[in-house]
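Reviewing the structure listed below.
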Amino acid sequence: MKREALEIYIHIPFCVKKCDYCDFLSYGIGDKCLEEAHCPSSRQQPVPEDYVDRLCKEMAWYGKSESFRQRPVTSVFIGGGTPSLLSETQIFKLMAALRDCFFIPGGAEITMEANPGTLTPGKLKKMHDCGINRLSIGLQSTSDKELKALGRIHSYGAFLQSFKWAREAGFDNINVDVMTALPGQTVASCRKTLEQVMALKPEHISAYSLIIEPGTPFETLDSQGKLELPGEDAEREMYHLTGKLLEKNGYGRYEISNYAREGYACRHNIGYWERKDYIGLGPGGASLIGNHRFTNPTDLMVYMRGGFGGEGWYSDEEILDRKAAMEEFMFLGLRMVRGISEKNFYEDFGEKIMDVYGSVILENQEKGLLDRKNGRICLTEQGLDVANIVMADFLF
């Protein structure tokens, strides 16, 4: 019986309002498609009870298989959307189902994403009492003007209140999300956001640069010339400022966009980058078991009414061949500052990495973009600046 570690992602796709830059699979309260999927959301009940029940049934479907039920779950990530819209009762129901259907040993990392304005002291206490031990709060900026430009529903003051309540509830592992290259943002306001966040001493900070995604309101505004985005030089300065300030203040960079105090790197995300097995629950939930990749239906109605795992259930499914698995090993592993292990590559594929990728590695070493030492290959500081270009070199 397989006993390898397993990770679980649980998708809560409901939001008070979908942000103007967001292309995630999520829905704002009152979204027409929720009615069509017979899964209506309201301000009184933002996360429909039928949806929570459906997630519990999906957990039970996996739990029927001993190959899943007996594997130790080392991390759980409840993401969205806005998972903190769940009621206290719904949080308890989900966590109880999770423990009934899977083996979750002590010490497992259990994260819930949360947005200011959706948290209360009571809800935070319920989260903590139910075993959620890591909180990820979506701040993005400490400037209310920049938050409004993003379409966020909260203020910086609401974030500060939520952060204080989280500490009082017992959370000692908190991530704060911030963004750079925002409409109207300057290098000075970017620095202010970083300094104000660091002053709170969260254990982890995720710092992402805004990307204009296809199909979002921001794409429309940008095409109309109505987004006042920072220029390339200012954006580059913000990027380097972020790294320098966070490193200087004790936040070690362990991945392209993630920084943590010692011992607080996100284990769940590291699992993704190291290609550990994981399953995704909810619409659009992506899974990887061995070299088998599969994704739940992205259509909410199909997810709510279909038969789990049946023929035609998955919206996407493939068995990665040897070359595809090697590619993933490289471009996912190189996201981490520590890079990839030559020993692990050999153990996974039975070939030395230099026999497969030697010319690519040597070429990027000569350019100063890759470093190879102590059995590991990683991006240099210069390489991190152009990571996507370097990682593309490892595609066959």
Side-chain angles (χ1 to χ4, degrees), residues 11 13-34 79-82 113 115-118 136-156 158-159 175-194 196-197 205-243 245-246 255-259 283-284 286 298-300 331 335 384-392:
H11 191 50
F14 305 94
C15 296
V16 174
K17 172 185 175 293
K18 188 157 183 166
C19 296
D20 296 336
Y21 59 86
C22 179
D23 73 332
F24 292 165
L25 198 165
S26 58
Y27 313 94
I29 290 174
D31 193 313
K32 184 179 178 181
C33 74
L34 297 179
T82 307
E113 289 184 335
N115 280 341
T118 64
S136 181
I137 306 178
L139 168 62
Q140 317 314 347
S141 171
T142 61
S143 162
D144 286 345
K145 181 179 179 181
E146 290 170 10
L147 290 173
K148 184 176 180 180
L150 284 173
R152 303 290 288 181
I153 64 166
H154 68 268
S155 65
Y156 175 45
F159 162 78
N175 168 65
V176 177
D177 283 345
V178 297
M179 295 178 70
T180 61
L182 306 179
Q185 190 176 46
T186 64
V187 174
S189 68
C190 173
R191 175 187 286 273
K192 185 175 182 181
T193 287
L194 294 169
Q196 289 179 311
V197 170
I205 297 174
S206 295
Y208 304 101
S209 180
L210 174 67
I211 297 174
I212 306 300
E213 300 286 0
T216 62
F218 264 24
E219 183 193 34
T220 302
L221 292 171
D222 191 42
S223 67
Q224 296 171 347
K226 295 181 179 179
L227 275 185
E228 297 181 16
L229 297 171
E232 287 186 15
D233 290 344
E235 182 177 351
R236 179 61 55 186
E237 190 174 348
M238 291 178 198
Y239 170 80
H240 287 293
L241 173 68
T242 299
L245 268 183
L246 293 178
E255 189 268 345
I256 290 173
S257 302
N258 287 278
Y259 303 78
T298 55
D299 185 294
L300 182 61
F331 69 71
R335 290 190 61 90
L384 286 167
D385 288 353
V386 290
N388 288 338
I389 295 173
V390 178
M391 290 188 284

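Just so it is clear, the structure is predicted and the values come from calculations on it, not from any experiment.
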Full working for side chain to side chain contact (heavy atoms under 4.5 Å, CB included) between Met391 and Ile256: CA-CA 12 Å; Met391 290 188 284; Ile256 290 173; 4.1 Å; yes

Over 12 foreign heavy atoms within 6.0 Å of CD, Glu232: no

Lys148 atom NZ, neighbour heavy-atom count above 12 within 6.0 Å: no

Can you name the closest pair of heavy atoms from [X] and [Y] and give their distance?
X	Y	result
Ser209	Ala181	OG-CB, 3.8 Å
Phe218	Leu227	O-CD1, 3.5 Å
Val197	Val178	CG2-CG1, 3.9 Å
Leu300	Pro283	CD1-CG, 4.0 Å
His240	Asp385	CE1-OD2, 3.1 Å
Lys17	Gly151	NZ-O, 3.3 Å

Reported [atom1]-to-[atom2] distance for the pair [X] and [Y], which is rounded to 0.5 angstrom:
X	Y	atom1	atom2	result
Asn258	Asn175	CG	CG	7.0 Å
Tyr156	Thr142	OH	OG1	5.5 Å
Asp177	Phe159	CG	CZ	10.0 Å
Ser143	Lys192	OG	NZ	8.0 Å
Met179	Met238	CE	CE	12.0 Å
Arg335	Glu255	CZ	CD	4.0 Å

Test item: side-chain donor near acceptor, Ser257 and Ser206, under 3.5 Å: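 Checked: Ser257/Ser206 side chains show no N/O donor-acceptor pair below 3.5 Å.
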
Flag for Ser141-Gln185: side-chain donor and acceptor within less than 3.5 Å: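 Result is no, nothing qualifies.
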
Residues forming a ring pair (Phe, Tyr, Trp, His ring centres under 6.0 Å) with Phe14, sequence neighbours excluded: Tyr51

Donor-acceptor pair, side chain of Asp20 and main chain of Ala149, under 3.5 angstrom: no

Donor-acceptor under 3.5 Å (Arg191 side chain, Leu245 main chain): no

Val16 vs Thr82, side chain to side chain contact (heavy atoms under 4.5 Å, CB included): CA-CA, chis, key distance, verdict: CA-CA 8 Å; Val16 174; Thr82 307; over 6 Å; no

Any Leu150 side-chain heavy atom under 4.5 Å of Tyr21 side chain: yes

Any side-chain heavy-atom pair of Leu139 and Arg152 under 4.5 Å: no

Pairs satisfying salt bridge (charged side-chain N to carboxylate O under 4.0 Å, His left out), at least one member in residues 205-228, at least two apart: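 Sorted result for residues 205-228: empty, none.
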
Audit row: Ile212, Leu229, side chain to side chain contact (heavy atoms under 4.5 Å, CB included) steps and yes/no: CA-CA 10 Å; Ile212 306 300; Leu229 297 171; 4.2 Å; yes

